[in-house]
Amino acid sequence: MTDAHRLTLVRALHTVIYVVMASASLVVLYAGITGAHGPWLWVAAALVAGESVVFAAFGLKCPLTAIAVKYGATRDGAYDTFLPERITRWTFAVFGPVILVGFGLLAVRWGLGGL
């Protein structure tokens with residue numbers, strides 16, 4: 001398998017993970033705002049918590065980005081996902097607060113006996 005093929009696989013995997021994690025973050029926020037809950041909340045919360053641990057362990061950088069660069073990703077061409085860079089550049093600025101507010105609201109609800 002060539003590096004170009006490996007890069008395509010890494011970008012595809014990273015794109016799927018990005019979409020799943022963005023969705024899970026929004027689920028946590030939705031549950032925090034509305035009080036909705038169920039097994040899907042626990043799955044989403046576990047995914048977001050796990051992803052947060054991975055980011056912290058890798059110095060607030062996604063390890064898949066480093067793998068993409070290893071296989072030839074550059075900023076002037078195909079980078080680390082199939083999503084446009086104009087969207088992914090805002091990942092931390094958008095999803096950091098979404099995650100913090102979502103978990104914060106859940107903590108308040110749980111502390112008040114709401115769930």
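Keep in mind the model is a prediction, meaning the values are calculated, not measured. Scope of the values below: all heavy atoms of this structure, side chains included, with no hydrogens, waters or symmetry mates.
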| field | Atom pair CG (L7) and OG1 (T2), whose distance is rounded to the nearest 0.5 Å | value | 9.5 Å
| Straight-line distance of M21 CE to C62 SG, nearest 0.5 Å | 10.5 Å
| Full working for side chain to side chain contact (heavy atoms under 4.5 Å, CB included) between T65 and F58 | CA-CA 11 Å; T65 299; F58 284 88; over 6 Å; no
| task | Look at atom CZ of R89 and say whether more than 12 heavy atoms of other residues, nucleotides or ligands are closer to it than 6.0 Å. | result | yes
| said: For a side chain to side chain contact (heavy atoms under 4.5 Å, CB included) check, start with the C-alpha distance between Y18 and F82, then their side-chain angles and the critical distance, and finish with the verdict. | reply: CA-CA 10 Å; Y18 187 98; F82 288 116; over 6 Å; no
| request: Identify the two heavy atoms, one from I67 and one from V10, that lie closest to each other, and give their separation to 0.1 Å. | output: CG2-CG2, 3.7 Å
| query | Any sub-3.5 Å donor-acceptor pair from R11's side-chain atoms to Y79's backbone N or O? | reply | yes
| task | Kindly compute the distance separating CZ (F92) from CZ (F55), expressed to the nearest 0.5 Å. | result | 4.5 Å
| When hydrophobic residues are tied together by side-chain contacts of less than 4.5 Å, even through go-betweens, does I99 share a cluster with V19? | no
| task | Begin with the C-alpha distance, continue with both residues' side-chain angles, and end with the deciding distance and a verdict on side chain to side chain contact (heavy atoms under 4.5 Å, CB included) for F103 and V48. | result | CA-CA 10 Å; F103 278 124; V48 172; 3.6 Å; yes
| Which of parallel (below 30°), tilted (30 to 60°) and perpendicular (above 60°) describes W40 and Y30? | tilted
| Distance-minimising heavy-atom pair for L41 and A36 | CD2-O, 4.0 Å
| message | Quick check for you: to the nearest 0.5 Å, what is the distance between K70 atom NZ and L64 atom CG? | response | 12.5 Å
| query | Rounded to the nearest 0.5 Å, how far does CD1 of I17 lie from CG of L47? | reply | 10.5 Å
| side chain to side chain contact (heavy atoms under 4.5 Å, CB included) assessment of V98 paired with L26 | CA-CA 7 Å; V98 165; L26 294 174; 4.2 Å; yes
| request: To the nearest 0.5 angstrom, please state how far the OG1 atom of T81 sits from the NE2 atom of H14. | output: 6.5 Å
| Would you say V20 and W42 are hydrophobically clustered, going by side-chain heavy atoms of ILVMFWY under 4.5 Å? | yes
| field | R109 side chain to I33 backbone, donor-acceptor under 3.5 Å | value | yes
| said: If hydrophobic clusters are built from ILVMFWY residues whose side chains come within less than 4.5 Å, do W90 and L83 share one? | reply: yes
| query | If you take all heavy atoms of A44 and V27, which pair is closest and at what distance? | reply | CB-CG1, 3.6 Å
